[in-house]
Amino acid sequence: MPKNTTSSKARPLALVAAVAVAAALLGTVSYTATRPEPRADTSQQEAASGQQLDDATAQLTKLARRDADDALAQGRADAPVVLIEYADFACGYCGKFARDTEPALVKKYVDEGTLRIEWRNFPIFGAESEAAARASWAAGQQGRFWQFHAAAYQEGAKEKGFGADRLDALAREAGVEDLARFRADRDSDAARAAVKKDQDEAYRLGATSTPSFLVNGQPLAGAQPTATFEQAVEEAARTAKAAR
């Protein structure tokens, strides 16, 4: 299992061959902002590369599940923009995003219907990360995923670990009513299958660190400034509107 290097805020998503090369996708915004005018002898090659990137983005956009009953998502299922987050509860930068950026995105875009946020459990720090991921899914079975998410990402929460007693405490803090069911759910085959599904999706993308994001298929890595996410959401919303 790859290790997350938390000294780095951002690592690229490496896409599977069927969609494209991740480094190219992640570099698209910065490159297109600074690229020189194409020479005549390279214009066809650049056009082909651009088409490849468009095709890759289209494939990645299809990863949005848009399931109205998804307990690990918030926002309208038909929102024009979907942000998919691949994250680990033991990840410090994931916590920073959860505390500093996500609430602003919810208030500005989710509440008014532009943005949907879909969570993917991507535990990469070992057994306790896996346990926390299953516990978050179990909390979701009682409609308390986002409350568990908030409790688990409080400042200093990850330093307390995610042992069984600690997970019970987080569930109580999140307002999970049936702790016996919560314990059974988090240790169930269904929980393991749900976490593995998310984890496998991230690995197929070549994700090597957390948090990693897709905004309508456009990769965005790391707990970047809120303005970076706002720009990505607004650009995706404009593109979606133009495509109608």
| query | Nearest heavy-atom pair of Cys94 and Ala87: which atoms, and what distance? | reply | SG-CB, 3.6 Å
| Considering all heavy atoms of both residues, which atom of Leu72 and which atom of Asp70 are nearest to each other, and what is their separation? | N-OD1, 2.8 Å
| query | Does the side chain of Glu234 come within less than 4.5 Å of Tyr109's, by heavy atoms? | reply | yes
| request: List for me each residue that meets salt bridge (charged side-chain N to carboxylate O under 4.0 Å, His left out) alongside Glu155, sequence neighbours excluded, and say none if there are none. | output: Arg99
| message | Walk me through whether Arg186 and Asp168 qualify under side chain to side chain contact (heavy atoms under 4.5 Å, CB included). | response | CA-CA 11 Å; Arg186 80 180 185 219; Asp168 284 351; 2.8 Å; yes
| message | Do Tyr153 and Val195 land in one hydrophobic cluster if side-chain heavy atoms of ILVMFWY residues count as linked below 4.5 Å? | response | no
| Do the non-hydrogen side-chain atoms of Leu105 and Val110 ever get within less than 4.5 Å of each other? | no
| message | Restricting to side-chain hydrogen bond (donor to acceptor under 3.5 Å, both in side chains), what partner residues turn up for Thr114, sequence neighbours left out? | response | Glu112
| query | If only atom types and distance count, is the side chain of Arg66 paired as donor or acceptor with the main-chain N or O of Ala79 below 3.5 Å? | reply | yes
| query | Is any side-chain heavy atom of Leu83 less than 4.5 Å from a side-chain heavy atom of Leu214? | reply | no
| query | Are Phe162 and Leu167 side-chain neighbours, meaning at least one heavy-atom pair lies under 4.5 Å? | reply | yes
| Quick one: ring-ring contact (aromatic ring centres under 6.0 Å, His included) partners of Trp119, sequence neighbours excluded? | Phe89, Phe145, His149
| note | By salt bridge (charged side-chain N to carboxylate O under 4.0 Å, His left out), Glu230 pairs with (sequence neighbours left out) Lys108
| request: Go through the structure and list residues passing side-chain hydrogen bond (donor to acceptor under 3.5 Å, both in side chains) with Asp178, not counting sequence neighbours. | output: none
| said: Is a donor from one side chain sitting under 3.5 angstrom from an acceptor on the other, for Thr61 and Asn216? | reply: no
| query | Does Arg65 have any side-chain hydrogen bond (donor to acceptor under 3.5 Å, both in side chains) partners at least two apart in sequence or in another chain, and if so, which? | reply | Asp198, Glu201
| task | Please indicate whether Asp165 has more than 12 foreign heavy atoms, meaning atoms of other residues, nucleotides or ligands, lying under 6.0 Å from its CG. | result | no
| query | With distance as the sole test, does Gln154 use its side chain to make a donor-acceptor pair with the main-chain N or O of Ala151 at under 3.5 Å? | reply | yes
| Set of residues satisfying ring-ring contact (aromatic ring centres under 6.0 Å, His included) with respect to Phe182, sequence neighbours excluded | none
| field | Pairs involving residues 223-244, ordered by first then second residue, that meet ring-ring contact (aromatic ring centres under 6.0 Å, His included) (sequence neighbours left out) | value | Phe97-Phe229, Phe213-Phe229
| note | So the side-chain hydrogen bond (donor to acceptor under 3.5 Å, both in side chains) pairs with at least one residue in residues 133-147 (sequence neighbours excluded) are Asn121-Ser136
| remark: Between Ser212 and Ser209 the two heavy atoms that sit nearest each other are OG-O, 2.9 Å
| message | Side chains of Tyr86 and Pro211, heavy atoms from C-beta outward: is any pair under 4.5 Å? | response | no
| request: Please name all residues satisfying salt bridge (charged side-chain N to carboxylate O under 4.0 Å, His left out) with Glu118, sequence neighbours left out, ordered by chain then number. | output: Arg116, Arg120
| field | Arg181: partners by salt bridge (charged side-chain N to carboxylate O under 4.0 Å, His left out), with sequence neighbours left out | value | Asp185
| field | Backbone N/O of Ala98 and side chain of Thr101: donor-acceptor pair under 3.5 Å | value | no
| said: To the nearest 0.5 Å, what is the distance between CD on Glu102 and NZ on Lys107? | reply: 15.5 Å
| With Lys160 via side-chain hydrogen bond (donor to acceptor under 3.5 Å, both in side chains) - residues at least two apart | none
| request: Taking all heavy atoms of Leu220 and all of Ala232, pick out the closest pair and write down the distance. | output: CD2-CB, 4.4 Å
| message | Whether the side chain of Thr239 engages the backbone of Glu235 through a donor-acceptor N/O pair (distance < 3.5 Å, no angle test) should be reported. | response | yes
| Which heavy atom in Ala135 sits nearest to a heavy atom in Phe148, and how many Å separate them? | CB-CZ, 3.8 Å
| said: Between Ser129 and Asp88, is the side-chain hydrogen bond (donor to acceptor under 3.5 Å, both in side chains) condition met? List the steps. | reply: CA-CA 7 Å; Ser129 288; Asp88 185 325; 3.0 Å; yes
| task | With salt bridge (charged side-chain N to carboxylate O under 4.0 Å, His left out) as the test, would you mind laying out the steps for Lys196 and Asp189 before giving the verdict? | result | CA-CA 10 Å; Lys196 187 176 186 302; Asp189 289 342; over 6 Å; no
